[in-house]
Amino acid sequence: MKHGQLFNMPIVLNGTSGDISGSSLTGIDTGKILQVVHVDKSDYFSTTSTSHTDITGMTASITPTSASNYILVEFRLVCSGGDNNYSTLRIQRQIAGGSYGNPSVITSGSNSSDAGHSGADTEVSYGQYKTYNRVCRIKDQPNTTSQVNYKIQVRSQSSGFVLNRTGHSSAGNTSSSQGEGTSSITLMEVAA
């Protein structure tokens with residue numbers, strides 16, 4: 001072979017050549033992303049409920065291939081509401097068609113009166129003229145090969161919570177300067 005000469009040769013890995021897919025990788029015992037479920041929500045949602053309320057369209061389902069694997073749950077919400085308002089977001093989990101709530105929830109802390117919230121339980125503070133991106137990722141191990149559903153809930157002050165547009169535009173004051181967006185929830189099964 002002469003220096004600088006190019007050859008059109010296949011790459012050979014583990015004695016084989018050709019295409020490589022994630023499912024055909026060997027020698028990697030943990031950390032593989034086995035499947036991804038992604039849901040976008042581009043329409044609007046609003047509530048003035050001071051109790052935890054489901055955000056419509058922000059639910060996703062995944063069926064783990066092994067009970068030992070874990071699920072990365074990530075959400076991105078475009079939030080707004082009334083002036084000087086805050087809201088609390090949380091993720092809840094349902095396994096095999098059971099109920100949302102204990103014991104089929106992602107829990108954190110020891111406050112049994114608010115059981116069912118997760119490490120993603122977070123406060124959002126905003127004004128009516130702005131939207132804010134709230135991104136959160138948690139690791140869950142549901143210990144099942146049955147279908148697992150995850151949903152996002154919000155609890156607001158009486159001045160309200162708005163998703164995917166500003167509180168100002170939700171009140172009918174629409175203009176090109178009012179921020180709008182798309183929210184999403186993503187589930188990833190990761191090999192344990």
Side-chain angles (χ1 to χ4, degrees), residues 22-23 28-47 49-81 85-126 131-157 161-164 181-192:
S23 62
I28 301 175
D29 297 325
T30 61
K32 287 185 191 177
I33 302 295
L34 303 176
Q35 59 174 317
V36 177
V37 175
H38 180 83
V39 175
D40 282 325
K41 178 180 175 63
S42 57
D43 58 335
Y44 308 134
F45 171 87
S46 64
T47 183
S49 175
T50 56
S51 300
H52 282 109
T53 302
D54 295 351
I55 299 178
T56 57
M58 294 303 294
T59 300
S61 303
I62 194 167
T63 303
T65 59
S66 170
S68 63
N69 292 341
Y70 60 92
I71 308 298
L72 285 178
V73 183
E74 179 180 273
F75 67 76
R76 174 186 176 272
L77 301 183
V78 180
C79 306
S80 188
N85 191 20
Y86 70 88
S87 295
T88 302
L89 302 167
R90 74 176 183 182
I91 295 175
Q92 280 204 304
R93 179 184 70 194
Q94 177 192 52
I95 298 176
S99 61
Y100 284 97
N102 280 330
S104 297
V105 294
I106 308 168
T107 59
S108 68
S110 58
N111 183 355
S112 60
S113 66
D114 197 25
H117 70 282
S118 71
D121 189 86
T122 185
E123 184 177 293
V124 181
S125 181
Y126 39 67
T131 56
Y132 296 87
N133 290 312
R134 174 62 68 190
V135 179
C136 195
R137 181 184 298 122
I138 61 169
K139 175 184 172 182
D140 181 39
Q141 191 165 23
N143 298 310
T144 186
T145 55
S146 298
Q147 179 174 299
V148 185
N149 303 321
Y150 294 90
K151 68 179 180 181
I152 302 174
Q153 294 186 318
V154 63
R155 178 173 60 188
S156 177
Q157 287 184 325
F161 170 86
V162 178
L163 189 74
N164 292 341
T182 298
S183 298
S184 63
I185 181 170
T186 303
L187 310 177
M188 292 176 278
E189 181 186 6
V190 182

In terms of heavy-atom contacts, V162 and S46 come closest through CG2-CB, 4.1 Å
Of the non-hydrogen atoms in I62 and P64, which two are nearest, and what is the gap between them? O-CD, 3.6 Å
State, with a plain yes or no, whether a side-chain heavy atom of F161 is found less than 4.5 Å away from one of T53. no
Considering non-hydrogen atoms only, spot the tightest contact between P142 and N69 and give its length. CD-O, 4.4 Å
Is there a side chain to side chain contact (heavy atoms under 4.5 Å, CB included) between I91 and I138 once you walk through the steps? CA-CA 9 Å; I91 295 175; I138 61 169; 3.9 Å; yes
Return the minimal non-hydrogen interatomic distance between A192 and S68, and the atom names on each side. CB-O, 2.8 Å
Looking at CG of L34 and OG1 of T65, how far apart are the two atoms once the value is rounded to the nearest 0.5 Å? 5.0 Å
Have a look at F45 and tell me which of I55, N164, D54 forms a side chain to side chain contact (heavy atoms under 4.5 Å, CB included) with it. I55
Within a strict 4.5 Å, meaning less than it, do heavy atoms of the L77 and N133 side chains meet? no
For residues T56 and K41, determine if any side-chain heavy atom of one lies less than 4.5 Å from a side-chain heavy atom of the other. yes
Which heavy-atom pair separates Q141 from A67 by the least distance, and what is that distance? NE2-O, 4.2 Å
To the nearest 0.5 Å, tell me how far T59 OG1 sits from Q153 CD. 9.0 Å
Less than 4.5 Å apart, side chain to side chain, heavy atoms only: is that true for R93 and V73? no
Taking S183 for the side chain and V78 for the main chain, is one N or O donor matched with an acceptor at less than 3.5 Å? yes
Using side-chain heavy atoms (C-beta onward) and a distance below 4.5 Å, is T63 in contact with T145? no
Counting only N and O atoms by type, is there a donor-acceptor contact under 3.5 Å from the side chain of R134 to the main-chain atoms of F75? no
As an exercise, state the distance from CG of L89 to OG of S156, rounded to the nearest 0.5 Å. 10.0 Å
Nearest-0.5 Å distance that lies between atom CG in D140 and atom CD in E189: 12.0 Å
At what distance, to the nearest 0.5 angstrom, does CG of L72 lie from OG1 of T186? 10.5 Å
Shortest non-hydrogen pair, G57 vs V39, comes out as O-CG1, 3.7 Å
Spacing of I185 atom CD1 and E74 atom CD [to the nearest 0.5 Å]: 10.0 Å
